[in-house]
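In what follows, a single structure is set out as structure tokens and then discussed.
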Amino acid sequence: QVQIVESGGGLAQPGGSLRLSCAVSISTFSIYGMRWSRQAPGQLRELVARIDSRGNTNYADSVKGRFTISRDNAKRMVYLQMNSLKPEDTAVYYCSLESEYWGKGTLVTVSS
């Protein structure tokens, strides 16, 4: 069974930075695309960033230029570096192996 565990959430000030981490327990990690999604209160979950098995990345327009997704296949880890944070980035952030397996999420709050 695949386990996905996010960490790194917390409180950040507007304009600040946070780095989310995601640990994935699958031996064939390197062949899968990985995603970060988020869900704000009262809103639908939205895809934030995706990285494929070759390291190609895609971003939602709302985070393009501010967030960076990366992966370390040797460690089976995925990261989301979030810079220039805005209050509207406040949400629970989820890591997923494509859309198949999901973590429980980590809360990011951006507030002064």
Side-chain angles (χ1 to χ4, degrees):
Q1 185 174 354
V2 179
Q3 290 187 327
I4 296 178
V5 180
E6 304 95 337
S7 61
L11 176 64
Q13 292 190 340
S17 299
L18 282 175
R19 187 193 194 207
L20 305 184
S21 299
C22 170
V24 184
S25 68
I26 186 170
S27 60
T28 53
F29 171 78
S30 64
I31 70 173
Y32 292 101
M34 296 296 301
R35 304 179 183 188
W36 283 100
S37 301
R38 67 185 181 186
Q39 187 167 18
Q43 297 189 20
L44 297 175
R45 190 173 298 185
E46 64 168 340
L47 178 64
V48 173
R50 181 183 180 272
I51 185 167
D52 69 14
S53 60
R54 297 182 181 181
N56 299 311
T57 57
N58 298 97
Y59 298 93
D61 287 343
S62 58
V63 306
K64 204 170 291 183
R66 299 189 297 121
F67 290 10
T68 302
I69 187 172
S70 61
R71 65 190 296 161
D72 184 331
N73 288 336
K75 296 182 178 179
R76 302 176 193 171
M77 296 289 294
V78 184
Y79 305 98
L80 186 68
Q81 178 66 44
M82 306 186 295
N83 299 328
S84 302
L85 284 164
K86 304 176 181 180
E88 50 262 44
D89 294 320
T90 295
V92 177
Y93 283 72
Y94 298 91
C95 178
S96 69
L97 188 150
E98 294 295 14
S99 59
E100 300 298 320
Y101 298 98
W102 293 79
K104 295 183 178 180
T106 185
L107 177 63
V108 171
T109 303
V110 183
S111 175
S112 56

Checking the side chain of Thr90 only, and the main-chain atoms of Val110 only, is there a donor and an acceptor separated by less than 3.5 Å?
yes
Contact summary for Ser84 and Arg66, nearest pair of heavy atoms:
O-NH1, 3.0 Å
Which heavy atom of Asn83 sits nearest a heavy atom of Ser17, and at what distance?
OD1-OG, 2.9 Å
Pairwise distance CG(Leu80) to OG(Ser37) - rounded to 0.5 angstrom:
10.5 Å
Report yes if some heavy atom in the side chain of Ile69 is under 4.5 Å from a heavy atom in the side chain of Tyr59; otherwise report no.
yes
Point-to-point distance, once rounded to the nearest 0.5 Å, from CZ of Arg76 to CD of Gln3
12.5 Å
Beyond-backbone contact of Cys22 with Ile4, side-chain heavy atoms, under 4.5 angstrom:
yes
Please tell me if the side chains of Ser70 and Met77 come closer than 4.5 Å, counting only heavy atoms from C-beta onward.
no
Do Leu47 and Arg35 have side chains that get closer than 4.5 Å, going by heavy atoms?
yes
Under 4.5 Å between side-chain heavy atoms, counting indirect links through other Ile/Leu/Val/Met/Phe/Trp/Tyr residues: same cluster for Trp36 and Val24 or not?
yes
In this structure, would Trp102 and Ile51 fall into the same cluster of hydrophobic residues linked by side-chain contacts under 4.5 Å?
no
Quick check on the hydrophobic clustering: are Tyr94 and Leu97 connected, directly or via other members, by side-chain heavy-atom contacts under 4.5 Å?
no
In terms of heavy-atom contacts, Gly105 and Val92 come closest through CA-CG1, 3.8 Å
Any side-chain heavy-atom pair from Met82 and Tyr93 closer than 4.5 angstrom?
yes
When every non-hydrogen atom of Leu18 is compared with those of Gly10, the smallest separation belongs to CD1-O, 3.9 Å
Can you find a heavy atom in the side chain of Phe67 that is under 4.5 Å from one in the side chain of Asp89?
yes
Looking at Lys104, I'd like to know if its NZ atom is crowded, meaning that more than 12 non-hydrogen atoms belonging to other residues, nucleotides or ligands lie closer than 6.0 Å.
no
Met34 and Cys95: which non-hydrogen atoms are nearest, and at how many Å?
CE-SG, 3.6 Å
Side-chain donor or acceptor of Ser30 paired with backbone N/O of Asn73 under 3.5 Å:
no
Within the structure provided, determine whether Val78 and Phe29 are in side-chain contact (heavy-atom separation under 4.5 Å).
yes
Side-chain contact, heavy-atom cut-off 4.5 Å: Arg38 with Ser62?
yes
Residues Gly33 and Arg71: closest non-hydrogen pair is CA-NH1, 4.2 Å
